Number of protein chains: 2
Amino acid sequence: MATLETKRATGLTISDVAQETGLTSHTLRYYERAGLLAGVERNGSGHRRYTSEDVEWVILVTRLRATGMPIRLIRRYAELVRDGEGNEAERLALLEAHRAEVVARLDQLHRNLELIDYKIGLYRERACDVGAR
Amino acid sequence: MATLETKRATGLTISDVAQETGLTSHTLRYYERAGLLAGVERNGSGHRRYTSEDVEWVILVTRLRATGMPIRLIRRYAELVRDGEGNEAERLALLEAHRAEVVARLDQLHRNLELIDYKIGLYRERACDVGAR
DNA sequence: GCTTGACTTAGAGTGCACTCGAATCCCTAC
DNA sequence: GTAGGGATTCGAGTGCACTCTAAGTCAAGC
């Protein structure tokens, strides 16, 4: 078994990263296949070894997913980052467009939450009443 | 073609309701099959005729869907409503549980939005800088 | 009376994001 | 040296919520 020392030198295994990010190894491989992760380094026997930068990136990906950004947009963003400098404007545009969608979704969620609260109020106030649906 | 008068008397057609709710006729039939809508009345030739109460209910369903309540829970709720009085406590519990989930999701969304804002900030402030990912 | 178009049904297909299976490989411990 | 456990790959399977197709029925307008 690799010591912490060794891991620091050679990078984390896929199950280390799975544990740290809350994803499964399956999902990590799926993300890599889908182009969300730049090529992760391999050791002599072909096993993935993740750097801490890789892990940071994976965490960013999970956050973007958690806000509902679809895989294909995250891939686009990842591609831009991989292509390096010169496309920052496009990256910014992509993030801003997504931000706008998240804000819109938050608004809608807040509004619909009010309806739920209204219904809950009905059931609480007139629990023995007839017509509440 | 049915006049508005006629429609008021006989109920709305599926495409009327589709238009009014933003769903498609397909989705309305799907919801009915899935047990989300109590049996909608039919006219002589077997076509659905929706009452305004039906439409109200459909709108409530769309709002619950918009907050991410899964079909199976909406079905459960619809069943309770159909069963009539006596189960208000369960309806309330169902709505409150869902409310808690929505609130949790809102929180998480807010937190992740902050990360997006942070990234956007990076690109705005140091658009010409190197290391921003 | 016949076309047009909206409606009906059962059931198949789609898109998304995983999620899992099977076969195989390889390092470690006994 | 061999069993175990985890890694690899490709590709198939799953779950959800629609979304659409095909075959057929029916009412209204020309």
Side-chain angles (χ1 to χ4, degrees), chain A residues 1-3 5-7 9-37 39-50 54 58 61-78 98 101 105, chain B residues 1-3 6-7 9-37 39-50 54 58 61-78 98 101 105 112:
Chain A
M1 186 194 175
T3 64
E5 280 299 288
T6 324
K7 286 191 178 181
T10 59
L12 300 170
T13 69
I14 195 167
S15 37
D16 293 333
V17 178
Q19 187 131 44
E20 213 162 307
T21 59
L23 300 172
T24 66
S25 321
H26 282 302
T27 303
L28 281 166
R29 286 191 282 265
Y30 164 69
Y31 280 178
E32 195 173 333
R33 247 182 303 157
L36 270 52
L37 279 48
V40 174
E41 290 296 313
R42 307 302 180 100
N43 70 1
S45 43
H47 291 197
R48 290 172 180 78
R49 285 297 124 97
Y50 294 78
D54 290 332
V58 171
V61 167
T62 62
R63 297 264 197 274
L64 292 176
R65 283 293 304 123
T67 57
M69 187 185 275
I71 298 287
R72 90 172 177 287
L73 283 188
I74 302 181
R75 172 167 49 230
R76 179 80 194 117
Y77 184 59
H98 180 60
E101 291 208 353
R105 208 139 38 77
Chain B
M1 186 194 175
T3 63
T6 325
K7 285 190 180 184
T10 60
L12 300 170
T13 68
I14 195 167
S15 36
D16 292 334
V17 178
Q19 188 132 44
E20 214 162 305
T21 59
L23 301 172
T24 66
S25 321
H26 282 304
T27 303
L28 281 167
R29 288 190 210 101
Y30 165 70
Y31 279 178
E32 197 173 331
R33 246 183 304 159
L36 271 53
L37 280 47
V40 173
E41 290 295 313
R42 305 305 179 99
N43 69 3
S45 42
H47 291 198
R48 290 171 180 79
R49 285 298 124 95
Y50 294 78
D54 290 334
V58 171
V61 168
T62 63
R63 298 263 198 275
L64 292 175
R65 283 294 305 125
T67 57
M69 187 185 275
I71 296 290
R72 91 175 175 285
L73 283 189
I74 301 181
R75 171 168 48 230
R76 181 80 195 116
Y77 185 59
H98 180 61
E101 291 207 353
R105 208 140 36 78
N112 289 324

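The shown structure was predicted, so the numbers you read here are calculated from the model rather than taken from an experiment. The sequence lines fix the lettering, A, B, ..., with proteins before strands; numbering per chain opens at 1. In what follows, every heavy atom counts, from backbone to side chain, and hydrogens, waters and symmetry copies are set aside.
Qualifying side-chain contact (heavy atoms from CB on, under 4.5 Å) partners for B:Arg76, counting only residues two or more places apart in sequence or in other chains: B:Glu79, B:Leu80, B:Glu90, B:Leu94. Take B:Glu41 and apply the side-chain contact (heavy atoms from CB on, under 4.5 Å) test, not counting sequence neighbours, and it matches no residue. Residues passing the side-chain contact (heavy atoms from CB on, under 4.5 Å) test with A:His98, sequence neighbours excluded: A:Thr67, A:Met69, A:Val102, B:Ile116. When the side-chain hydrogen bond (donor to acceptor under 3.5 Å, both in side chains) test is applied to B:Thr21, no partner is found at least two apart in sequence or on another chain. Contacts of A:Ser25 classified as side-chain hydrogen bond (donor to acceptor under 3.5 Å, both in side chains), with partners at least two apart in sequence or in another chain: none. A:Tyr30 is linked by a side-chain contact (heavy atoms from CB on, under 4.5 Å) to A:Arg33, A:Ile71, counting only residues two or more places apart in sequence or in another chain. With sequence neighbours excluded, no residue forms a side-chain hydrogen bond (donor to acceptor under 3.5 Å, both in side chains) with A:Thr62.
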Scoring nucleotides 6-19 of chain D by protein non-hydrogen atoms under 4.0 Å (B base, S sugar-phosphate only, - none) yields -SBB-B-----BBB
Distances under 3.5 Å between protein N/O atoms and the N/O atoms of nucleotides 2-5 of chain C, please, pair by pair.
none

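Side-chain atoms of B:Thr24 come within 3.5 Å of backbone N or O of B:Thr27 as a donor-acceptor pair.
We find that CG of B:Leu28 is positioned 15 Å from C1' of C:dA6, with the value rounded to whole Å.
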